[in-house]
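Here the structure comes first, spelled out in structure tokens, and everything after it is commentary.
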Amino acid sequence: MYKIVRKRALNDSVTLMEVQAPHIAKKAKAGQFIIFRVDEQGERVPLTIADYDREAGTVTIIYQIVGASTKLLNTLEEGDSILDFVGPLGVPTHIDPNAKRVCVIGGGVGTAIAYPQAKALHNAGIAVDMIAGFRSKDIVILEDEMKAVTDHLYIMTDDGTYGEKGLVTNKLQALIDAGEQYDEVIAIGPVIMMKFVAATTKPYGIKTLVSLNPIMVDGTGMCGGCRVKVGGQMKFACVDGPDFDGHEVDFDELMHRNSFYKEREAADREDPAH
Ligand code: FES
């Protein structure tokens, strides 16, 4: 059993939990994930490791309360325990030791996955600019944490209620136009956002990494839900990734399949026997 030592609501639908899991904390690296199962009846759900504390032996996860499993997880409080907490899984994000300046982009709750990557780069002595996009001010998360590990933090909101109004790609384009030189761009968020970030950097030949955690279903390599074509080859995000070269990912096919899964999920919610 894995004890919850801290629980904090980051906004109305996103929660941070710090869990006692010393074996995972000892080995965890940015970009990796865990699979949790709340109880015997629960499904296995993958979640990115948002942070870890090797000394305290804790792992931090951040989740959006969207389905039955995250709803159930969110009923637990500090002092309660989670039945299964397995990891670290997935290939850690590759930190290029020659990179001097990297732009990390997070969209919505994807910011929780982008943050540990920004932190790992910062700890490796690389200058980090970060662009974090949210729908509006009330769902902005991790602002202080992001500020602490970046040279510049640009917050964008769709409705202009905080930071600058606009999309993360507007800001990225403006920074490139202003002459900022990035050795790499790392993007994590909705698939459509990652697609447009990759399209923005492609003409400039800026290496672009996308993290496909958002498309994972069970994280085991068996459900096939995270299949993605990369450079013409079929890959599984949970086994071969989650990070891939953004210029090689077939986003259109991915979005097509993703919408199929969403429709299917919605149908399952209406009629579980569907
Ligand atoms: Fe099921 Fe990758 S998430 S196979």
Side-chain angles (χ1 to χ4, degrees), residues 2 14 17 19 21 24 27-50 59 61-73 82-94 106-110 112-114 116-117 186-195 198 209-246 248-269 272 274:
Y2 299 85
V14 177
M17 245 182 206
V19 179
I24 304 177
K27 294 185 277 178
K29 293 212 171 81
Q32 291 188 296
F33 63 94
I34 56 95
I35 295 179
F36 77 84
R37 192 164 62 125
V38 175
D39 58 24
E40 293 287 347
Q41 282 78 44
E43 305 172 304
R44 291 184 164 78
V45 180
L47 276 180
T48 300
I49 296 171
V59 169
I61 49 172
I62 293 174
Y63 56 89
Q64 187 159 30
I65 308 154
V66 277
S69 298
T70 42
K71 262 191 203 134
L72 185 62
L73 179 64
I82 300 170
L83 178 66
D84 286 336
F85 202 76
V86 181
L89 300 163
V91 182
T93 301
H94 174 70
V109 73
I113 310 174
Q117 307 223 1
I186 299 179
I188 304 134
V191 175
I192 185 124
M193 182 206 93
M194 295 192 277
K195 171 184 161 148
L209 208 67
V210 294
S211 191
L212 297 184
N213 302 54
I215 67 161
M216 295 197 307
V217 182
D218 66 355
T220 64
M222 291 190 297
C223 74
C226 69
R227 270 190 346 268
V228 55
K229 222 185 250 163
V230 183
Q233 291 189 342
M234 204 47 94
K235 302 273 183 193
F236 278 19
C238 67
V239 178
D240 304 306
D243 295 343
F244 295 102
D245 180 340
E248 298 282 328
V249 172
D250 186 339
F251 284 107
D252 292 334
E253 190 200 59
L254 190 58
M255 285 194 304
H256 181 74
R257 233 198 19 257
N258 246 10
S259 61
F260 166 79
Y261 271 100
K262 286 223 172 73
E263 281 162 28
R264 187 64 201 245
E265 259 172 38
D268 283 349
R269 268 199 299 274
H274 176 84

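These numbers come from a predicted model, not from an experiment. Counting starts at 1 for both ligands and their atoms, in listed order. Position 1 is the first residue of the sequence, and the numbers go up from there.
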**OP:** Could you please give the number of protein N/O/S atoms within less than 2.8 Å of atom 2 (Fe) of ligand 1?
**Re:** 2

Subject >> Residue that, paired with Leu212, satisfies side chain to side chain contact (heavy atoms under 4.5 Å, CB included) out of Asp240, Ile188, Leu254 >> reply: Leu254

**OP:** Answer yes or no: does atom CE of Met222 have more than 12 heavy-atom neighbours from other residues, nucleotides or ligands under 6.0 Å?
**Re:** no

Original post:
After noting the C-alpha distance and the side-chain angles of Val14 and Ile62, does the key distance pass the side chain to side chain contact (heavy atoms under 4.5 Å, CB included) rule?
Top reply: CA-CA 7 Å; Val14 177; Ile62 293 174; 3.5 Å; yes

**OP:** Over all heavy atoms of both residues, which pair between Gly90 and Pro242 is shortest? Give the atoms and the distance, please.
**Re:** CA-CD, 4.4 Å

Original post:
Nearest 0.5 Å, what's the CD1-NZ distance between Ile192 and Lys195?
Top reply: 6.5 Å

Original post:
Roughly how far, to the nearest 0.5 Å, is CG of Asn213 from CD1 of Ile113?
Top reply: 4.0 Å

